[in-house]
Amino acid sequence: MPELAPAYEPSKVEDRLYLEWTNRQDYRANPQSTKPGYSIVIPPPNVTGILTLGHVLNNTIQDILARRARLLGREVLWLPGTDHAGIATQTVVERTLKKEGKIRHRDDLGREEFLRQVWQWKDKHGGIIIQQLKKLGASCDWSRERFTMDPAYSACVQQVFVDLFKKKLIYRGRRMVNWCPVSRTALSDEEVIMKEQKGLLYHFRVPVAGQKDRFLTIATTRPETIPGDTAIAVNPKDPRYASLIGQFAIRPLPPELPEDQRRIPIIGDEHVDLEFGTGVLKVTPAHDPADFLIGQRHQLPSLEVIDESGLMNTHAGSALVGLDRTQARTAAAEQLKELGWLDKEEPYTNQVGYSERADVPVEPRLSEQWFLRYPSTERSRTIVSTGKLRFFPERWSKVYDHWMENLQDWCISRQLWWGHRIPVWYRGDEMRCQIESPGTDWRQDSDVLDTWFSSWLWPFATMGWPEKTPELKKFYPTTDLVTGPDIIFFWVARMIMAGFEYMGELPFRNVYFTGLIRDAKGRKLSKSLGNSPDPLDLIAKYGADGLRFGLLRIAPQGADIRYDEKQIEEGRNFANKLWNACRFRQPQGPSDPKANPANHARTPFCDFLLEKLDALEKELERLYTHYEFSQIAQALYGFVWDEFCARFIETAKADFLNPSSPTRAGTLATADFVLSRVLRLLHPYMPFITEELWLTLGLGTETIQFSGWPRSEEVRWDSAQAKQAAFCYATADAGRKLRGEFGLSGSQKLKFLLFPTPGSKPSPESLQTLAKLLQCGSVELTQTPPKAPMTPAPWGELYLPLEGLLDPAKERARLEKEITACEAARARETAKLSDPKMAAKAPPEKLEEWRRIEREATERMARLQEQLKLFTT
RNA sequence: GCGCGCUUAGCUCAGUGGUAGAGCGGCUGCCUUACACGCAGUUGGUCGGAGGUUCAAAUCCUUCAGCGCGCACCA
């Protein structure tokens with residue numbers, strides 16, 4: 001048996017073990033297994049992405065669930081893979097090629113050649129995040145790794161499109177969509193994020209046609225769209241303007257156009273808010289969703305003045321043409337000023353939709369797109385609202401329900417090249433929706449599908465759908481899904497609908513939403529802020545187990561996480577603590593995998609530890625059903641550090657150093673029994689160190705991974721003994737406190753005296769253990785209370801004879817302070833008990849408890865007062 | 001504007017009706033024969049404010065404030 005190093009060195013363990021596990025194919029899921037199935041599909045990361053702390057959190061949780069399921073004897077499938085991430089990947093490749101000077105625009109290469117370059121990029125960079133997940137210890141079934149652009153997967157996507165088209169749920173239409181002028185594609189509503197923008201509200205006048213000196217004043221944030229205005233709208237109920245409805249106004253821009261070409265109608269529309277601005281609205285049907293609707297209601301012409309790249313076109317007039325939207329805004333305002341139409345500019349803050357990817361304002365734009373009317377919406381909504389599909393934390397189900405209630409058709413076409421091509425073919429005016437080309441003279445739709453239109457099939461398309469595969473039979477529906485609440489609409493909701501539509505069943509039974517990781521200042525982690533640490537650096541520094549445990553311990557359910565590297569350091573420290581606890585056991589000889597403390601004479605401390613282990617196992621059981629991952633980590637941390645190390649090991653030293661001790665075998669058995677269980681309980685969180693210790697100590701000959709989840713029924717102990725141990729610990733705690741108050745260090749070999757509680761007679765062994773816990777020279781019994789500092793303790797009154805060191809004044813002060821505290825505690829209970837209302841209404845067991853506390857405080861006080869008398873004379 | 005969440009020790013957070021907790025930090029003392037990635041002790045909170053329910057409120061209700069998030073066609 002190799003000797004354990006003084007400190008745990010993760011780098012010597014992790015890669016070696018991971019290789020062993022994967023070479024042995026420990027994570028390969030067998031659909032033919034008779035064991036009950038457990039499955040998770042990974043939220044596929046962007047194929048060209050790199051690991052972030054968010055991924056670490058998310059995948060560690062999945063790994064915890066998967067590893068625990070294996071210990072529970074399940075057949076586990078954790079299915080990994082990556083996403084082609086249309087816009088993101090295409091943008092990155094295009095940018096790189098531009099930077100290398102190979103192209104100015106992707107048009108330079110043409111569609112086919114550009115796609116070849118993207119595939120090349122994918123082959124080169126696509127595996128990085130997968131390798132990083134392996135470093136983390138992720139126990140995925142790598143033999144089943146999928147990519148959303150795999151041929152089989154693509155076939156699923158096309159088939160679903162054709163099917164939904166046939167069901168008339170997919171349709172093509174010319175509508176107002178969110179247009180990203182940088183990526184030059186349409187976006188779905190979900191890809192637009194509203195941001196507050198500080199700008200100006202411009203007030204300008206327009207003359208009413210044929211009425212000299214009659215003007216309307218309009219407030220707008222977008223003067224650059226004035227050339228695209230095709231009407232002026234007022235509310236028909238507005239007494240100020242109602243009479244003008246039906247007349248015309250002269251649009252001020254572009255000024256070079258003859259006046260009759262700038263004549264636009266004044267219309268009445270309820271949409272106009274009387275209170276806002278001047279109550280007069282310019283209507284630009286081509287560049288504003290609300291105006292578009294007004295335009296439809298009034299059959300207004302649509303006049304486009306901004307092109308697909310966000311540049312002003314010729315309709316905007318000579319002063320603006322070619323300018324970017326934002327430049328055009330100031331230019332248009334300038335123009336209005338010169339023409340004398342501008343009344344004022346005032347600072348104004350409004351909400352503007354931004355493209356999530358390109359981080360520029362989206363331009364509402366009229367275009368021909370494909371839309372999906374969501375399928376299976378009713379079932380998908382009720383499955384969550386009735387709690388059959390559970391969300392953790394539960395409150396996200398409200399957010400989901402609200403979105404499901406207000407479903408808008410999904411714009412699924414993208415004007416990109418990288419993605420699944422839309423299976424629709426054209427010849428002249430004919431159109432066909434089918435996977436194969438109808439013939440050589442047919443031209444395929446040039447658009448691709450939104451990436452989420454492929455990911456929403458992930459839970460079953462990865463398992464061989466549309467075939468009825470053994471995988472689907474065994475592992476669908478999946479058990480748990482772990483993801484971030486930011487993609488609840490993008491992905492979770494849509495997967496539920498696709499699951500019902502194509503499998504007739506929900507895709508997963510539970511969804512756990514992680515929190516967002518923020519830095520110490522509360523900012524989101526991002527590459528541009530430079531506050532996003534590289535998980536691989538953290539693994540190198542603290543080990544994968546340290547990173548996993550440290551991060552999970554501070555990841556409260558449902559709340560954002562304030563990340564601090566200090567926490568990861570603590571994770572490493574904990575790993576080292578565990579390592580050393582085992583190192584303490586190792587020199588005593590090989591561990592016994594079948595150790596059973598029940599078969600041996602034991603010290604009370606063994607029973608105390610077994611009692612705590614039982615409580616821990618029950619607690620973890622409860623916490624796992626609620627997905628309380630950070631509290632599970634806390635509970636394990638506390639057990640290992642406080643119960644096993646601080647208490648048990650200190651008392652086990654007596655047995656370990658004494659080969660002839662009658663309780664030696666029992667203490668060894670307890671150590672092995674408890675370590676065997678605590679390593680297994682910890683394994684989901686810290687897979688590497690627990691495996692290494694398990695095998696090195698010889699707690700098992702096979703890997704820990706399938707060694708069985710500890711059951712609390714296996715733990716047997718004597719609770720009377722455990723109580724004795726608790727008294728001993730409490731006595732030691734009192735002694736330490738007493739010594740600490742005199743500023744005496746542990747290294748000074750002091751002698752304590754114990755004046756035992758009448759009737760009790762502590763054994764020499766227990767006095768020895770007490771001395772060990774107190775780290776003092778000895779504890780001796782005394783028949784007469786000495787004149788020395790004293791503290792009341794469960795076993796009796798503990799004295800610290802200080803010979804010449806004693807300062808009576810100091811001792812008096814100390815006693816008085818403690819008497820005051822006792823008095824306060826007693827008074828609190830007395831007050832409660834003497835309140836007649838309370839005495840009448842509180843439950844008897846509470847009253848009993850309060851009486852006990854009152855009694856104990858009184859007794860303690862009496863002892864302290866006796867002691868005080870000794871020092872007052 | 002509507003909805004949701006948060007506010008507890010210097011920091012990060014547990015604690016859903018009955019004596020306010022943990023880790024870190026601070027301070028004091030220790031290289032005590034598993035561990036200085038450690039050990040012992042200690043400091044530190046009128047549980048955001050105000051009302052209410054209750055014998056009893058950090059905990060339940062109402063309301064206010066601050067912060068965060070989601071949804072929303074006020075130009």
Side-chain angles (χ1 to χ4, degrees), chain A residues 4 6-8 176 194 201 218-222 233 271-273 275-284 288-294 348 350-351 353 364 393 395-396 398-399 402-403 406 485-486 488-489 516 518 520 522 542 546 553-554 556 558-564 566-567 569-587 628 630-631 634 637-638 641-642 645-646 649-650 653 656-657 733 736-741 743-749 772 774-775 824-825 828-829 832 835-843 845-847 849-850 853 857:
Chain A
L4 295 171
Y8 175 53
M176 197 55 131
M194 300 308 278
L201 191 60
I218 302 177
T220 182
T221 54
R222 300 200 65 188
H271 168 77
V272 181
D273 184 347
E275 309 292 322
F276 189 85
T278 58
V280 187
L281 177 69
K282 63 194 265 317
V283 183
T284 327
D288 184 282
D291 292 4
F292 175 71
L293 295 176
I294 296 175
Y348 186 67
N350 63 344
Q351 300 285 321
R395 66 188 159 86
W396 291 112
K398 273 184 215 154
V399 177
H402 183 250
W403 188 75
N406 298 289
D486 50 333
I488 186 166
F489 312 137
L516 215 66
R518 298 171 177 280
Y542 303 111
R553 201 159 75 98
I554 53 157
D560 289 353
I561 298 152
R562 295 276 177 130
Y563 166 79
D564 188 333
K566 194 90 195 149
Q567 306 290 345
E569 191 181 323
E570 277 181 51
R572 176 203 57 182
N573 294 353
F574 177 63
N576 190 55
K577 188 74 181 175
L578 178 70
W579 183 262
N580 275 288
C582 292
R583 238 187 108 216
F584 168 75
R585 167 65 186 82
Q586 201 186 25
E628 298 270 15
S630 70
Q631 291 200 55
Q634 290 282 17
Y637 184 97
W641 209 294
D642 300 336
C645 296
I649 284 187
E650 288 311 314
K653 279 176 182 171
F656 281 18
L657 297 174
D733 287 345
R736 283 172 171 176
K737 194 174 146 133
L738 184 61
R739 185 180 57 200
E741 270 161 6
L744 300 168
S745 77
S747 67
Q748 286 164 278
K749 293 299 174 200
K772 188 86 201 161
L774 282 166
Q775 278 162 2
R828 199 168 43 227
E829 301 310 312
K832 279 196 282 192
D835 181 339
K837 281 192 291 185
M838 232 180 212
K841 296 219 178 177
E845 62 271 21
K846 280 294 154 197
L847 291 171
E849 190 185 326
W850 296 336
I853 296 167

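Hydrogens, waters and symmetry mates are skipped; everything else that's a heavy atom, side chains included, is used. Quick caveat, the model's predicted, so the values are computed rather than measured. Letters A, B, ... mirror the listed sequences (proteins, then strands); counts begin at 1.
Rounded to whole Å, the distance from CD on A/Glu849 to P on B/G17 is 15 Å. Distance A/Leu738 CG to B/G29 P: 19 Å, rounded to the nearest Å. As a whole-Å value, the separation of A/Trp403 CH2 from B/C71 P is 11 Å. Atom CD in A/Gln586 sits roughly 19 Å away from atom P in B/U33 (whole-Å rounding). A/Asp564 has its CG atom 13 Å from the C1' atom of B/C13, to the nearest Å. Atoms CE (A/Met838) and C1' (B/U19) sit 12 Å apart, rounded to a whole Å. Rounded to an integer number of Å, the gap from A/Arg518 CZ to B/G68 P is 9 Å. A/Leu281 places its CG atom 12 Å from the P atom of B/C74, with the value rounded to the nearest Å.
Rounded to a whole angstrom, the distance from the P atom of B/A40 to that of B/G25 is 14 Å. Between B/A56 and B/C6, the two P atoms lie 26 Å apart (nearest whole Å). Only the C1' atoms considered, B/G18 is 25 Å distant from B/A50, to the nearest whole Å. Only the P atoms considered, B/U16 is 12 Å distant from B/U59, to the nearest whole Å. When the C1' atom is compared between B/C37 and B/G5, the two are found 37 Å apart, to the nearest whole Å. A gap of 36 Å separates the C1' atoms of B/U43 and B/U54, to the nearest Å. Between B/G49 and B/G66, the distance separating the two P atoms is 15 Å to the nearest Å. Distance check on atom P: B/G17 versus B/A72 gives 37 Å, rounded to whole Å.
Using a 4.0 Å heavy-atom distance criterion, A/Ile853 is classed as a base contact. A/Arg736 comes within 4.0 angstrom of sugar-phosphate atoms only, judged by non-hydrogen atoms across all strands, and of no base. Residue contacts shown for A/Tyr563 are absent, as no nucleic acid heavy atom lies under 4.0 Å away. Using a 4.0 Å heavy-atom criterion, one finds that A/Gly279 contacts the bases of the nucleic acid, with or without backbone contacts as well. A/Cys582 comes within contact range of no nucleotide atom at all, as no heavy-atom separation falls under 4.0 Å. Among the protein residues, A/Arg828 comes within range of the nucleic acid bases, having at least one heavy atom under 4.0 Å from a base atom. Looking at heavy-atom distances under 4.0 Å, A/Asp288 makes no contact with the nucleic acid at all. Among the atoms of the strands shown, only primed sugar atoms or phosphate atoms (P, OP1, OP2) are found under 4.0 Å from some heavy atom of A/Arg553. Residue contacts shown for A/Ala825 are absent, as no nucleic acid heavy atom lies under 4.0 Å away.
Look at A/Lys653 and you'll find a side-chain N or O under 4.0 angstrom from OP1 or OP2 of B/A34. Between B/C71 and A/Asn406, no contact under 4.0 Å exists linking OP1 or OP2 to a side-chain N or O. Under 4.0 angstrom from either OP1 or OP2 of B/C55 there lies no side-chain N or O belonging to A/Lys837. When the side-chain nitrogen and oxygen atoms of A/Tyr8 are compared with OP1 and OP2 of B/A34, none of them lie within a distance under 4.0 Å. Using a 4.0 Å cut-off, some side-chain N or O of A/Gln631 falls inside it from OP1 or OP2 of B/G15. Residue A/Arg583 has no polar side-chain atom (N or O) positioned under 4.0 Å from OP1 or OP2 of B/A34. Between B/C37 and A/Trp641, no contact under 4.0 Å exists linking OP1 or OP2 to a side-chain N or O.
Listed nucleotides B/C13, B/G23, B/A75 differ in distance to A/Glu570; the shortest reach to its side chain belongs to B/G23. For A/Lys846, the listed nucleotide lying nearest its side chain is B/G18; candidates were B/A75, B/U19, B/G18. Nearest nucleotide to the side chain of A/Phe584, out of B/A34, B/C24, B/A75: B/A34. Residue A/Ile649 places its side chain closer to B/A34 than to any other of B/A34, B/A75, B/C37. Closest contact between the side chain of A/Lys566 and the listed nucleotides B/A72, B/G25, B/U42 involves B/G25. Side chain of A/Lys841, nearest nucleotide from B/C24, B/C55, B/C4: B/C55. Side chain of A/Pro843, nearest nucleotide from B/C4, B/G23, B/G18: B/G18. With distances taken from any side-chain atom of A/Ala581 to the nucleotides B/G70, B/A75, B/A34, the minimum falls on B/A34. Of the candidate nucleotides B/A34, B/G5, B/G41, B/G5 has the atom lying nearest to any side-chain atom of A/Arg395. Each of B/C37, B/U19, B/A72 was ranked by its minimum atom distance to the side chain of A/Asn576; first place goes to B/C37.
Residues A/Arg553 and A/Gln567 have side chains that never bring a donor and an acceptor to within less than 3.5 angstrom of each other.
Of the nucleotides present, B/C11 is the one that pairs with B/G23 by Watson-Crick or G-U wobble criteria, both distances under 3.5 Å. Checking B/A75 for Watson-Crick or G-U wobble geometry (two distances, each under 3.5 Å) identifies no partner in any strand. Shown here, B/A50 forms a base pair with B/U62; the pair counts as Watson-Crick or G-U wobble because both key distances fall under 3.5 Å. Pairing for B/G5 goes to B/C67, judged as Watson-Crick or G-U wobble with the two contacts each under 3.5 Å. A 3.5 Å limit on both hydrogen-bonding distances identifies no Watson-Crick or G-U partner for B/G17. The partner of B/C39 is B/G29, judged by Watson-Crick or G-U wobble contacts that both fall below 3.5 Å.
Between the side chain of A/His402 and the base of B/C4, no donor-acceptor pair under 3.5 Å is found. Contact annotation: side chain of A/Lys577 to base of B/C35, donor-acceptor pair present below 3.5 Å. Checked by distance alone, A/Glu650 brings a side-chain donor or acceptor within 3.5 Å of a matching partner on the base of B/A34.
Two residues are said to be in side-chain contact when any heavy atoms from C-beta on lie closer than 4.5 Å; A/Lys577 and A/Trp641 meet this criterion. Inter-residue side-chain proximity for A/Leu281 and A/Phe276 is flagged as unmet; no heavy-atom pair is nearer than 4.5 Å.
Both A/Asn580 and A/Lys398 lie close to RNA chain B; mapped to their nearest nucleotides by heavy-atom distance, the more 5′-ward contact belongs to A/Lys398.
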(request) Go through the steps to decide whether A/Thr221 and A/Asn350 satisfy the test side chain to side chain contact (heavy atoms under 4.5 Å, CB included), and finish with yes or no. (result) CA-CA 9 Å; A/Thr221 54; A/Asn350 63 344; 3.8 Å; yes

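Judged by distance alone, with hydrogens and angles left aside, the side-chain atoms of A/Arg739 form a donor-acceptor pair with the main-chain N or O of A/Leu774 at under 3.5 Å. Looking only at distances, no side-chain donor or acceptor of A/Asn576 sits under 3.5 Å from a matching main-chain atom of A/Ala7.
By the 30° and 60° cut-offs, the orientation of the rings of A/Trp579 relative to A/Tyr8 is tilted.
Closest of all the heavy-atom pairs between A/Pro6 and A/Arg583 is CA-NH1, 3.2 Å. Between A/Gln586 and A/Leu4, the shortest heavy-atom distance links the atoms OE1-N, 3.0 Å.
A salt bridge is absent between A/Lys772 and A/Glu650: the closest approach of a Lys/Arg side-chain nitrogen to an acidic carboxylate oxygen does not fall below 4.0 angstrom.
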